[in-house]
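Remarks on the structure that follows.
All chains are named by letter (A, B, ...) in the order of the sequence lines, taking the proteins before the strands, and each is independently numbered beginning at 1.
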There are 2 protein chains.
Amino acid sequence: MFSKACEYAIRATIFIAARSVEGKRTSLKEISREVDSPVAFTAKTLQKLSKSGIILSTKGAHGGFNIDPTQMSAIKVSQIVMAIDGDMVYKRCSLGLDSCSEDHPCPFHARFKPVRQDLQNIVENTSLLDLTSGLVSGSTFLKV
Amino acid sequence: MFSKACEYAIRATIFIAARSVEGKRTSLKEISREVDSPVAFTAKTLQKLSKSGIILSTKGAHGGFNIDPTQMSAIKVSQIVMAIDGDMVYKRCSLGLDSCSEDHPCPFHARFKPVRQDLQNIVENTSLLDLTSGLVSGSTFLKV
DNA sequence: TGAAATAAGGACATGTTAGTCTTTATTTTT
DNA sequence: AAAAATAAAGACTAACATGTCCTTATTTCA
Ligand code: FES
Ligand code: FES
């Protein structure tokens, strides 16, 4: 569904968000540890998120990553997915035809499209704040 | 979503089914052409489908692949997916946690699970016959 | 019986995703 | 000013998915 890079990106962003509501920045090292992801590889994806403006980064001692808390309800999961995996998840033909279209549909199109649309809807309508609240309340988890 | 191998497998199976209702066997070469998939690679996936009992194969001149028409409503897309990709599509955690569970859910679990369930349902409830009818009536397509 | 047509099988090649390592740039602390 | 702590960047490696090629086995047909 999502690439490994994208899974790490979403987990990391949620963790950064949870720390940011406490007014704290989080280092790459801490993120990798708390999200159980490979450090150097996670660094790459965080760079992309930073360039996309989803997270903020600060170099130097006491640096790290953070997110403006006032933005957390405006940031949607779809933005993270778009930054890392692009939008082909919602556009690709389920059976691998060059393009998915109503004019020239594959045999699975009619059944598949609504499900894919549902996926797109939840991803576009779920905010970072939505995902973070469960984590801070202890009802959801980012690693084993 | 599905691997390339699985996409080819589903397309090929639908094409074989369409030919089988006319009582004809189809050669690998013809399948690859009509489904627009790489010959040798498609051969591999057809071997798996054959070993899984989803399609029948016959060697030699006038050989090829076919499907018992009386089975076509009993064969579900899920069987093809299972034979090629396994069932992780319906079981994997969307954010890459080791396992997806209600006891230890990731932040996306509650929203993601129903969509994944819908996908599983359509895949398990759609038969080969369902997908083949649109092809023979000309309303759906297997290649550009 | 020999040739042709087919699928099966396995070794190899290529491409993409995932991941590591090392160096550089920036900031804070001492 | 020097040292320490951090992110950024790029080259490299590993694993896996995708795809090709060649040989073998089986069947039909002339
Ligand atoms: S054409 Fe295949 S999913 Fe739309
Ligand atoms: S635990 Fe992540 S989708 Fe179920």
State, without any angle test, whether [X] and [Y] hold a side-chain donor-acceptor pair at a distance under 3.5 Å.
{"X": "B:Thr70", "Y": "B:Asp68", "result": "yes"}
{"X": "B:Ser20", "Y": "B:Asn66", "result": "no"}
{"X": "B:Ser73", "Y": "B:Ser127", "result": "no"}

Checklist entry - Starting at the 5' end of DNA chain D, which residue's closest nucleotide do you reach first, B:Arg25 or B:Phe2? => result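 This one resolves to B:Phe2.
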
Item to check | Comparing A:Ala40 and B:Ala61 on DNA chain C - which has the more 5′ nearest nucleotide | outcome: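 The residue mapped nearer the 5' terminus is B:Ala61.
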
Checklist entry - Starting at the 5' end of DNA chain C and moving along, which residue's nearest nucleotide shows up first, B:Lys59 or A:Pro38? => result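 Residue closer to the 5' terminus by nearest nucleotide: B:Lys59.
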
Interatomic distance, [X] [atom1] vs [N] [atom2] [rounded to whole Å]:
{"X": "B:Met88", "N": "D:dC16", "atom1": "CE", "atom2": "P", "result": "15 Å"}
{"X": "B:Phe41", "N": "C:dG10", "atom1": "CZ", "atom2": "P", "result": "17 Å"}
{"X": "B:Asp36", "N": "D:dG19", "atom1": "CG", "atom2": "P", "result": "11 Å"}
{"X": "B:Leu46", "N": "C:dT6", "atom1": "CG", "atom2": "P", "result": "15 Å"}
{"X": "A:Arg11", "N": "C:dA18", "atom1": "CZ", "atom2": "P", "result": "13 Å"}
{"X": "B:Asn66", "N": "C:dT6", "atom1": "CG", "atom2": "P", "result": "14 Å"}
{"X": "A:Lys4", "N": "C:dG19", "atom1": "NZ", "atom2": "P", "result": "7 Å"}
{"X": "B:Ile84", "N": "D:dA17", "atom1": "CD1", "atom2": "P", "result": "13 Å"}

Checklist entry - Could you walk me through whether B:Arg116 and B:Ser94 pass the side chain to side chain donor-acceptor pair (under 3.5 Å) check? => result CA-CA 9 Å; B:Arg116 190 181 57 186; B:Ser94 58; over 6 Å; no

Next on the checklist: Over 60° means perpendicular and under 30° means parallel, so tell me whether B:Tyr8 and B:Phe41 are parallel, tilted or perpendicular.
Outcome noted: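 Judged by the thresholds at 30° and 60°, the geometry between B:Tyr8 and B:Phe41 is perpendicular.
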
Checklist entry - What nucleic acid atoms does B:Lys51 come within less than 4.0 Å of, heavy atoms only: base, sugar-phosphate, or nothing? => result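 The answer is sugar-phosphate, as B:Lys51 gets under 4.0 Å only of primed atoms, P, OP1 or OP2.
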
Checklist entry - When we call it a touch if two heavy atoms are under 4.0 Å apart, what does A:Lys44 touch: a base, just sugar-phosphate, or nothing? => result base

Counting only side-chain N and O atoms of [X], is one of them less than 4.0 Å from OP1 or OP2 of [N]?
{"X": "B:Gln47", "N": "C:dA7", "value": "no"}
{"X": "A:His62", "N": "D:dA5", "value": "no"}
{"X": "B:Tyr8", "N": "D:dG19", "value": "yes"}
{"X": "A:Thr58", "N": "C:dT27", "value": "no"}

Next on the checklist: Which helical stems does DNA chain D take part in, if a stem means at least 3 consecutive Watson-Crick or G-U pairs with both distances below 3.5 Å?
Outcome noted: C:1-30 with D:1-30

Item to check | Over all atoms of both residues, closest heavy-atom pair of A:Met72 and A:Thr132 | outcome: CE-OG1, 4.1 Å

Item to check | Salt bridge flag under 4.0 Å for residues A:Glu102 and A:Lys113 | outcome: yes

